[in-house]
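For ligands, and for the atoms within them, numbers begin at 1 and follow the listed sequence. Any value given below was found using the heavy atoms of this structure, including those in side chains, with hydrogens, waters and symmetry copies removed. Here the structure is a predicted model, which is why all the values come from computation and not from measurement.
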Amino acid sequence: MDIKQVLSLKGEISVPGDKSISHRAVMFGALSEGTTRIHHFLNGADCLSTIGCFRSMGIDISQEGSEVVVRGKGLYGLTAPSGTLDVGNSGTTIRLISGILSGQTFSSRLTGDASIQRRPMKRILTPLHLMGADISSEFGNDCAPLLIHGKKLKGIHYSSPVASAQVKSCVLLAGLYADQETSVTEPALSRNHSEIMLRYFGADVTSNGLTAAILPEPRLIGREVNVPGDISSAAYFIAAGLLVPGSEILIRNVGINPTRDGFLKVCQAMGGDITLLNVNLDGEPTADLLVRSSSLHGTTVEGALIPTLIDELPMVAVLAAFAEGTTVIRDAAELKVKESDRIAVMTENLSKMGVDIQAADDGMTIHGGRPVHGAVIDSHLDHRVAMSLAVAGLISEGPLTIEGADCVNISYPDFYKDLYSLG
Ligand code: S3P
């Protein structure tokens, strides 16, 4: 994909549905009695992997574009899959489903693509073993493929060493099949979509500061789910609107859940002009975002803010390259275990484009304001890397070529088309 400089970006856009919420709507719908209708479902490869896994376990799921209907069979309605469950590139699918499968009455095997087979699973194996689960890594390397022999589980209290919604959700979902309450305390609050949606489907879930707890064996009932636009996808257009001179973009119906809105806070701290319109606080909060080009300055991104913008940090690194002064990102070692090592990959690619950037063990330091030029860059098949660098290409000197650009299909199949429509 070749990206060239644009003069300005103008217009309105709706981004696809939230990836985390789309996954959960299918999973919880499958475990509920009756029909779950999902509107504005993210029709990207990751969420299609979740649909594929539940179809393999006997759940009837029909889909027409972003409208999905799941005919759930209740907490114990899944059937043994005929073969290995394939999660593709999706960390959310493998980690959340592992919690569900650990409590079933059948055995299963789960795997995914080369990237998923390198990602750490010990973070879920540890709490699941404490719950008495029979789950193991086939090659003994704490990675996928995972082998699971479902059984009745023990309720535990788990203090997670990482702020991870995938770990928290895995344990809470296993808690559906436990003999007593299960709770998880995390070092900082990660996205709470599981807690909100499980409660909406009828589970007894409580949230108290950094601790979420669930009671076993609820009767889950199918519901109507309106998936808000994904703030992680909106982030590319927010950044593009801020960076490209003379731009004004309205992004409609974006999820602004406070456990996900760190990117908005960081943009505003950097001097970004973003106005929230039509704020709706029912269920998952949403707003329309009006973004105007702004001159940005450096900032520090750290601590409890990190889990609230973990997937947007590649985009923050690009913003920082075009901002005056220094930006420091720290406490973000989790970036090394995403779809790629995002610290190494962003440092490699932005350096090629002339950016003054240094990698650290838990983040990056970027000295902004130097001229940035196009280059041939490698996405390492990481969708968020490709999209963040595409935005950089809109304001770099000379053309930018992204190799492995198709990986945007994971979370945003129409990304380049939508970007083009504004330029
Ligand atoms: C997700 C949680 C985050 C995030 C991922 C989606 C989820 O991962 O990076 O893209 O849907 O729960 P971690 O839980 O590993 O931080």
Side-chain angles (χ1 to χ4, degrees), residues 16-28 41-42 44-47 49-50 53 87-100 112 115-116 118-127 142-144 158 160-173 184 186-198 210 212 225 227-228 230-236 255 257 259-263 284 304-316 331-343 362 382-388 407-408 410-412:
D18 187 275
K19 181 151 81 72
S20 296
I21 296 175
S22 296
H23 280 299
R24 286 160 173 79
V26 170
M27 293 182 188
F28 305 167
F41 178 81
L42 168 59
D46 268 9
C47 298
S49 294
T50 292
C53 289
V87 306
N89 189 246
S90 176
T92 303
T93 310
I94 194 164
R95 295 201 177 107
L96 269 60
I97 286 194
S98 293
I100 296 171
S115 152
I116 220 66
R118 284 193 299 268
R119 296 186 65 186
M121 294 300 144
K122 192 164 183 251
R123 53 184 56 201
I124 58 161
L125 298 180
T126 301
D142 291 327
C143 293
Y158 186 58
S160 176
V162 278
S164 158
Q166 292 177 356
V167 172
K168 172 174 62 177
S169 305
C170 168
V171 177
L172 293 177
L173 288 168
V184 184
E186 22 181 18
L189 195 59
S190 66
R191 62 192 69 191
N192 62 359
H193 306 302
S194 292
E195 295 92 302
I196 292 174
M197 202 188 294
L198 279 167
L210 300 177
V225 179
V227 183
D230 196 328
I231 191 165
S232 299
S233 298
Y236 308 110
N257 178 320
T259 63
R260 290 286 299 283
D261 69 353
F263 185 72
E284 288 281 356
L305 199 56
I306 294 292
T308 69
L309 82 173
I310 187 72
D311 292 338
E312 289 68 78
L313 287 171
M315 195 65 259
V316 172
D331 304 324
E334 278 293 296
L335 286 178
K336 293 191 287 193
V337 291
K338 292 296 178 187
E339 286 83 329
S340 70
D341 174 345
R342 289 182 177 159
I343 295 178
D362 67 344
D382 183 332
H383 55 134
R384 306 222 179 270
V385 168
M387 290 188 275
S388 302
C407 60
V408 303
I410 291 294
S411 64
Y412 199 157

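- Side-chain contact annotation: Ser190 with Lys168, donor-acceptor N/O pair under 3.5 Å present.
- Using a cutoff of 4.0 Å between basic side-chain nitrogens and carboxylate oxygens, Glu334 and Arg123 are scored as salt-bridged.
- One distance of note links OG of Ser22 with NE2 of His193; it measures 10.0 Å at 0.5 Å rounding.
- Pocket lining of ligand 1, defined as residues with a non-hydrogen atom under 4.0 Å away: Ser20, Arg24, Thr92, Ser164, Ala165, Gln166, Arg191, Ile310, Asp311, Lys338.
- Note that CD1 of Ile343 is 9.0 Å distant from CG of Leu313, once rounded to the nearest 0.5 Å.
- If you take CG on Asp311 and CG on Asp230, they are separated by 8.5 Å, rounding to the nearest 0.5 Å.
- Every residue two or more places apart in sequence or in another chain that forms a side chain to side chain donor-acceptor pair (under 3.5 Å) with Thr50 is listed here: His23, Thr93.
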